[in-house]
Amino acid sequence: MERKNAWNAYDEAALEKVEKAAQGYKKFIDQGKTERECAYQAIETAKAAGYTSLEEAIVQGKAVKPGDKLYQVQMGKAVMLFHVGKQPIERGMNIVGAHIDSPRIDVKQNPFYEDNDIAYADTHYYGGIKKYQWVARALALHGVVAKKDGTLVNVVIGEDDGDPVVGISDLLIHLSQEQMVKKASEVIGGEDLDIMLAGRPLQGADKEPVKAMLLSILKEKYGLEEEDMLSAEIEAVPAGKSRDYGLDRSMILGYGHDDRVCAYAEIEAMLQLPAVPEYTCCCLLADKEEIGSVGATGMQAKYFENAVAELLALTTGKESNLALRRALANSRMLSCDVSAGFDPLFASAFEKKNAAFLGRGVCYNKFTGSRGKSGSNDANAEFLGRLRKVMDDHDIAWQTAELGRVDLGGGGTIAYICALYGMEVIDSGVPVLSMHAPQEIINKADLYEAIRAYTVFMTDMGPRA
Ligand code: MN
Ligand code: MN
C-alpha cells in the first residue's frame, strides 16, 4: 500500500515540465499575496487564453455553445471559470475548486496610534495562525482603500527591493523569563500584533508628531486621509518572494501555498483542456475558506449556483430550476485544498500509514474533519474507485491521507458545502509542511502531479448521469 516517490519516474522531459510548473507557480504566489491579487491573475490568465466575461454574455443575451470559455468574478475576490463541453450542462460538470485566501494579519478600520515616538497600526489576525510566528519578520502591506468618491486605491508596500518593509517587534530574549514560560498560544496576544509604521516626528506637528508623519506620507503618496482607512482592506503578509528550497531545489518555500498551490494547479489544468471537452469543466476559486467560507465571497454564498443558472440559461435558451438542480447534482468535484504533509520532526502528530508524504504526488482525503469525522465531507467509495482507475490509467502519482492522527485536531475545506447539492466531492491537494506559517513548504513534484491529476479528472472521469 506504500506509495512511490514521484521523482523516480521522471525522465529529462518530465523534469523540465516539473520545473516549468514550479517557476510559473512561484510567479503566481509572488504576485498573488491577497485573494484580490490572485483573482486578478486568474482572470488575466483566463482572458489571455480566450475566456470572455459571463456577465457581459448575460447582458447581451449571447448564446453559449460547446467550446465557449467564460469567467465570472464575485466582488473581485472569488473567480469561476467555465469551459463549456459537448454534453448538456444538465448532465453534470467536472469541477475543481480551491480557495485563494490565506492566513494573514488584517489592519483594523481605525488602526493608527502613536506610542512613545512610534506610530502603529492596530490589527486583527485572519485565519488560524500561531501568532508568535508572525513577529520579528519583514511584512508587506497589500490591499485596497475605497474612497468616498468611489475610487479604489491599490496599495502594495514592501515587495520591491527599494521598498521599506514593516513588521511586529518581539521582546528581547534577555528579558523574556516571563514570556518563555507562557503557553505558546499566549506568548503573543492578538492585541499585541501591532505593526510598526513610522518612527520619526513630523516637524511642526503639535500633537502625535510621528503619527502625523505617517499620515502625511499616506496623503502624499496615496492621496489618503486617516478616515479613508474606515473603508480599507489592508492585509499584512510576509514580504519577499518565494524561493527554491533544499540544496536539490526540489521544494518551494513561500507564503500562501494553502491554498494557492491548488488554485494554480486548477488554472493550469483548465488551460490544458481540449478545445471542446466532453463535459463542461469548471474552476472555482473561493474566498474566506480560512474563516469558515462565510460572507458574500465565501463558498457558502450562492454566486456559484447563480453563475451555473445563468450559464444554463445561455446554453439552453430557457430558464429551468430543475435543470440547474440536475446540473449541480450530476456534477463531480475535486475540492482542491492542501493536506498536512508528514513531518518526521513531528511524527507523533500523524498515523504513518494514512499520511501524505512530500514528493509522493497529489493527495486524496476521503474525509477531513475532527474527532469522529465531525464537519467532514466523507466522499463516496464508488467515486474514489472511479478516481483510482482514472489516476492509475494516466500514471498520476497519487496518495491517500488523513489530516493527522485521530483526536489530535482536524480541519475542513469547501468540500462539504458543494456536497450539499448532491454532487460527488472529494478533497484533493498538495501536501504542505509548516501549514499556516508565514512561509510554508511544498514539493515541486506534488504540484506537477496535481496539475496532471486535475486535468485528467476533468477530461476522463466519464459520464455520471
Ligand atoms: Mn486550505
Ligand atoms: Mn488553511
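For ligands, and for the atoms within them, numbers begin at 1 and follow the listed sequence. Model, not experiment: these values are computed from the prediction.
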**Complete:** Paired with Lys77, the salt bridge (charged side-chain N to carboxylate O under 4.0 Å, His left out) test is passed by just one of Glu37, Glu233, Glu35, Glu235, namely Glu233

**Request:** If you have a sec, read the angle at the Mn ion (ligand 2) from His436 atom NE2 over to Glu290 atom OE2, to 10 degrees.
**Result:**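 About 100°, to the nearest ten degrees.
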
**Message:** Classify the ring geometry of Phe342 against Phe357: parallel below 30°, tilted from 30° to 60°, perpendicular beyond 60°.
**Reply:** tilted

**Prompt:** How are the rings of Phe304 and Tyr421 set to each other: parallel, tilted or perpendicular (split at 30° and 60°)?
**Reply:**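 Geometry flag for Tyr421 against Phe304: perpendicular rings.
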
**Asked** Rounded to the nearest 0.5 Å, how far apart are CD1 of Ile451 and CG of Asp446?
**Response** 11.5 Å

**Prompt:** Does any N, O or S atom of His99, backbone or side chain, fall under 2.8 Å from the Mn ion (ligand 1)?
**Reply:**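 Coordinating: yes.
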
**Prompt:** Is Asp258 close enough that one of its N/O/S atoms sits under 2.8 Å from the Mn ion (ligand 1)?
**Reply:**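 Under 2.8 Å: Asp258 contacts the Mn ion (ligand 1) through an N, O or S atom.
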
**Request:** State the atom name: nearest N, O or S atom of Asp337 to the Mn ion (ligand 1).
**Result:** OD1

